Amino acid sequence: MSDSPDAATAAGDSDTPRFRYDAARASEIETRWQTVWAESGTYETPNPSGWLSEDPFGVVDRPKLFVMDMFPYPSGSGLHVGHPLGYIATDVFARFKRMTGYNVLHTIGFDAFGLPAEEHARQTGEHPRVNTEQNMAVMTRQMTRLGLGHDRRRAVATTDESFYRWTQWIFLQIFDSWFDPVAKIARPIRELIAEFDAGERQPSNGRDWASLDDIERREVLQDYRLAYLAEAPVNWCPALGTVLANEEVTSEGLSERGDHRVFQRPLRQWMMRITAYAERLLDDLDLLDWPESVKTMQRNWIGRSVGAHINFDSIKVFTTRPDTVFGATYMVLAPEHRLVDELVPAVWPERTDPKWTGGALTPSEAIARYRNGVARTDTSGNGADHVAGHADKPYETAISGSGGDSGESKDKTGVFIGAFVVNPVNDEPIPVFISDYVLMGYGTGAIMAVPGQDERDWEFAQTFGLPIIRTVQPPVDFRGGPYLGDGKIINSGFLDGLNVNDAKAAIIDWLQEHGCGDGTVTYRMRDWLFSRQRYWGEPFPIVYDPSGIPIALPETELPVTLPDLIDWAPRVLDDDSDPEPPLGRAQDWGAIKLDLGDGPQIYRRELNTMPQWAGSCWYYLRYLDPTNENAMVDGDVERYWMSDADGTVGGVDLYVGGVEHAVLHLLYSRFWHKVLFDLGHVGGPEPFKRLVNQGYIQAWAYRDARGSYVPADRVEGDRQTGFTFEGEPVTRTFGKMGKGLKNSVTPDEMYTAYGADTLRLYEMSMGPIDQDRPWETRSVVGSMRLLQRVWRNIVDETSGKLTVVDETPDDSLRRALHRTIAGVRADMDALRFNTAIAKITELNNLLTRIERTPREVAEALVLMLSPLVPHLAEELWKLLGGQGSVTCVSFPEAHPAYLVADTFDLPVQVNGRLRAVITIACDASEEEVLMAAEADPNVNAHIAGRKLRRSMVVPGRMVTFVV
RNA sequence: GCCCGGGUGGUGGAAUUGGCAGACACGACGGACUCAAAAUCCGUUGCUCGGAUGAGCGUGCGGGUUCAAGUCCCGCCCCGGGCACCA
């Protein structure tokens, strides 16, 4: 199968009409109008005040609409036809809304910092900036050629100094804030200091503020800041030479980019206290018009669990089933739990089951062996410093272990630590184990094990011969094993007889009364690891004095610009190495002389850079006011674009992008926005009111005998004959279009063969915007044909003259026109561009059947098409004598008078089967309708001679008889 | 394993609240134009029977509710995505 586009109609063909709408004419029209648009600032959108407030079209007093795409990485391979799908959709919508009375802001920038750009630069050996700028130029050209109506004045890149200056400024806002747990908002750190100074609050670590020296106070504040340095187990990826956020590591323990191995290792890194916002990030999802699947993914990621803390002597556990505490027959700590080493006795208790000891002579030995079994041997030689949990632990070992099928639950391993603790509800001593099925990072890193009501505990109890006590009565037909459902509580003293929910409430009351526990809520989400050992990112606006406690640079020092390193590439490191930030090689840059109040001193700069996500957390705000040198965005401008007229949540009115950002970008961005909201820098709590995930464009791909992909455009044959590449048979598969599958089709190929308008129309007609869709180059011609027919209904192909007539359309055509207008309006408003196109096609098909197109219909047709195919629409609009750019004309309106007809067709059913369609007057009475229906010969044939049991008329819908 | 989506002609898809299943398009077939081909235009196109009016069947499978089910209910199957020892 040859999937390459048909050659463009040769312009020189003698018998092709001279003024046919073909690829060459489309190209000429498109580039001409693109020049006109650029020169007249057609897509420049006014702000209510400030730098961009010039408003030649007088639209600033209209209702506003902010339409946005997820901005792209300036990738070196340019665009394929899958990329612009979302951009076209937002463009059509933006143009439509502009024509229906909105002041629409639509632009696009570049997410130009970060791993992909740097990895590409690393391969080509060029400075990332060179690459990045070339790529941005290529992509901008491709998008402009597509006719996207962006306000180019607002097209920021995250790598612009004038942009990342404000990324750094926002970082400082976050750094200089703390989360007030009572008000549940971020507040400036100086307010916390004031409360400490006034004695209204004492540091949470129990120290006395008044007696602390300056450095100690700065240490205390570190524990409060929303951006802070912490020694934490982080995901270290030696191959990429950087640490990664949890969100950037796959469940297999590989880096999301490049599939490199990732190791857990304790490092001092920047963290963002996103966990403080867990509850609000969860609750506010309800305010958003987002796909339910994305909300679900965020809810799962945040992972709220309601339960209780219960103290078993010194060990605090978290459980969602405090009602089962009487069934707790043993206890499990995460292997790296700090209390393990405190609790471990010198020798095994008498009569310890040999199964529990792992064959070790002492508990300490058993623990050490177990830890080494699940963790990699530490080769750095300073094992003494490696307290539990600080050993390098590849995810692989932690994840594997079953050796069986991936779906099966993992075999339970573990070892007794020789200690017992007392169950506070019944004073029973229970043994303490460590096992890797308990994770240090969740809850308290310790559980009470209730095998009767928990699958994992059941398996563990089976393995180690531990007792099982049921505390919920299973139903009679229950087949055994752990019972997770509701039922009557048994074997639980004062809880007996209650159901599970009541028992939870009762036991939490009891625990609180006796001081050995309380009800609590735990979240799965962790704080966000925010530093990277990379060159191509925003430098931190942070310096250090000898204390090693970070100090914010004053605003006057912003931006902290990246030094022009030659040796910028990160080192590829082996698995045992430590991270090494490339900026450490910028000797001169790393030290800075400053006077921060106590005389000029030399400070060391922070050498890490921010992660890719930093710029994308807030770029939508900079679109609003891209050149503002005094603020990240002017307050009035921000409120104009980000507030709802009805005073609800506000934010970007429509945000379109791929579902792959469901938890990364979209969660970080919401977090930053909420901090900015708390601090009064933005007017609403959420950045993106409405989110739509566009589908992917997929395409056939072909693999040879070795399984390698071969270029799809050079494969021959079809399904009958089989497919071949260079004479060798290949197999056909299906997948997301891209470099990997070698099945890309570029927009440029489409421009040459059909033109940008055809490409736009085709992509919008393929199906619903949120659905994946298969690319079929041979089908593109259908969209081209529609445009040709539209052209021919308005313009004479041989003379190039208008053929429309100034006659009023006949009644049925006019009705069809107004039905189309009403339908297209509704469809475009709901982003149903595929059905809007179908309706326009139907109307145009009516026109091809009549001699001459009435002007009234031609004009409406062109206006309705203009959001979809703006170039052709401009051209036809001009030929029709229209004033100004078609993009500024009002969208046609349907007249209600033409939406109702004198007569209409009504289906008639007998016993639920369609027997006729009758034409009746709209104002016919029910009796008249029934009479007309019965009179139909075919209906009559089916009811004649039988008893009519029932007949009914569903007004406007249907007549039905039951015999 | 759990949680979301989704299964409609040869293909992509359409079908407000249950109310004419298959809009619109691709492809295929037939015709016009042409020396010929491409392009363009016209016609046919869910399957089966039939000359035709028409009849029967038909939205993954099996049941059910209803005058009426792609749409609602119950039980399955398959495909795609997310999460995955989270206590």
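Within every chain, numbering begins at 1; the chains are lettered A, B, ... in the order of the sequence lines, protein sequences first and strands thereafter. Everything numeric here is computed off the predicted structure, so don't read it as measured data.
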In this structure, how many angstroms lie between the [atom2] atom of [N] and the [atom1] atom of [X], rounded?
{"X": "A:Tyr442", "N": "B:C83", "atom1": "OH", "atom2": "P", "result": "17 Å"}
{"X": "A:Asp454", "N": "B:C85", "atom1": "CG", "atom2": "C1'", "result": "9 Å"}
{"X": "A:Leu667", "N": "B:G82", "atom1": "CG", "atom2": "P", "result": "17 Å"}
{"X": "A:Leu914", "N": "B:G56", "atom1": "CG", "atom2": "C1'", "result": "14 Å"}
{"X": "A:Ile302", "N": "B:C3", "atom1": "CD1", "atom2": "P", "result": "20 Å"}
{"X": "A:Glu763", "N": "B:G13", "atom1": "CD", "atom2": "P", "result": "14 Å"}
{"X": "A:Trp791", "N": "B:C41", "atom1": "CH2", "atom2": "P", "result": "16 Å"}
{"X": "A:Trp700", "N": "B:G12", "atom1": "CH2", "atom2": "P", "result": "9 Å"}

Can you check each nucleotide of nucleotides 65-70 of chain B against protein heavy atoms at under 4.0 Å and return B for base, S for sugar-phosphate only, - for none, in 5' to 3' order? --BS--
Looking at every strand, decide which applies to [X] at a 4.0 Å heavy-atom threshold: base, sugar-phosphate, or nothing.
{"X": "A:His942", "answer": "sugar-phosphate"}
{"X": "A:Arg832", "answer": "nothing"}
{"X": "A:Asp772", "answer": "sugar-phosphate"}
{"X": "A:Gln771", "answer": "sugar-phosphate"}

Partner residues of [X] under the side-chain contact (heavy atoms from CB on, under 4.5 Å) criterion, sequence neighbours left out:
{"X": "A:Val795", "result": "A:Trp791, A:Leu876, A:Leu879"}
{"X": "A:Gln298", "result": "A:Leu285, A:Trp290, A:Val663, A:Leu666, A:Leu667, A:Arg670"}
{"X": "A:Asp905", "result": "A:Val917, A:Thr919"}
{"X": "A:Leu899", "result": "A:His818, A:Arg819, A:Ala822, A:Ala894"}

Taking the [atom1] atom of each, how far is [N] from [M], in whole Å?
{"N": "B:A23", "M": "B:U40", "atom1": "C1'", "answer": "24 Å"}
{"N": "B:U8", "M": "B:G1", "atom1": "P", "answer": "25 Å"}
{"N": "B:C3", "M": "B:U66", "atom1": "C1'", "answer": "33 Å"}
{"N": "B:G5", "M": "B:U59", "atom1": "P", "answer": "23 Å"}
{"N": "B:C20", "M": "B:A69", "atom1": "C1'", "answer": "14 Å"}
{"N": "B:G64", "M": "B:G81", "atom1": "P", "answer": "36 Å"}
{"N": "B:C24", "M": "B:C42", "atom1": "P", "answer": "13 Å"}
{"N": "B:A55", "M": "B:U11", "atom1": "C1'", "answer": "29 Å"}

Closer than 4.0 Å, any side-chain N/O of [X] to the OP1 or OP2 of [N]?
{"X": "A:Asn938", "N": "B:A55", "answer": "yes"}
{"X": "A:Ser305", "N": "B:A87", "answer": "yes"}
{"X": "A:Arg792", "N": "B:C41", "answer": "yes"}

With no hydrogens and no angle check, is any side-chain donor or acceptor of [X] less than 3.5 Å from a backbone partner on [Y]?
{"X": "A:Tyr370", "Y": "A:Asp436", "result": "yes"}
{"X": "A:Thr324", "Y": "A:Val450", "result": "no"}
{"X": "A:Thr471", "Y": "A:Phe326", "result": "no"}
{"X": "A:Arg304", "Y": "A:Arg299", "result": "no"}

Applying ring pair (Phe, Tyr, Trp, His ring centres under 6.0 Å), name anything that partners A:Phe833, two or more places apart in sequence or on another chain. none
With nearest nucleotide decided by heavy atoms, which residue, A:Met297 or A:Gly767, maps closer to the 5′ end of RNA chain B? A:Gly767
Which residue, A:Met958 or A:Arg773, contacts RNA chain B at a nucleotide closer to its 5' end, judged by nearest heavy atom? A:Arg773
Taking Watson-Crick and G-U wobble pairs with both distances under 3.5 Å, convert RNA chain B into its dot-bracket string, 5' to 3', dots for unpaired and | for cross-strand pairs. (((((((..(((......[....)))((((((.......))))))((((....))))..(((((..]....))))))))))))....
From B:A87, B:C85, B:A84, pick the nucleotide closest to the side chain of A:Arg524?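 In terms of side-chain proximity for A:Arg524, the closest of B:A87, B:C85, B:A84 is B:A84.
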As a test of reading the structure: which of B:G13, B:A87, B:A55 is closest to the side chain of A:Pro768, going by heavy atoms?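 Between B:G13, B:A87, B:A55, the one nearest the side chain of A:Pro768 would be B:G13.
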Which protein N or O atoms sit under 3.5 Å from an N or O of nucleotides 24-27 of chain B?
unit_1 : atom_1 : unit_2   : atom_2 : d
B:A25  : OP1    : A:Asn845 : ND2    : 3.2
B:C26  : OP1    : A:Arg785 : NH1    : 2.6
B:C26  : O2'    : A:Ser779 : OG     : 2.9
B:G27  : OP2    : A:Arg785 : NH1    : 3.4

Tell me, please, which residues at least two apart from [X] pass side-chain hydrogen bond (donor to acceptor under 3.5 Å, both in side chains).
{"X": "A:Glu660", "result": "A:Tyr696"}
{"X": "A:Arg832", "result": "A:Asp827"}
{"X": "A:Asp796", "result": "A:Thr798, A:Ser799"}

Looking at CD of A:Glu934 and CG of A:Asn940, how far apart are the two atoms once the value is rounded to the nearest 0.5 Å?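 Atom-to-atom, A:Glu934:CD and A:Asn940:CG are 8.0 Å apart.
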Identify, with sequence neighbours excluded, every residue that meets salt bridge (charged side-chain N to carboxylate O under 4.0 Å, His left out) alongside A:Asp323. A:Arg321
Expected label for B:G9 (glycosidic angle, syn inside 90° of 0, else anti) would be syn
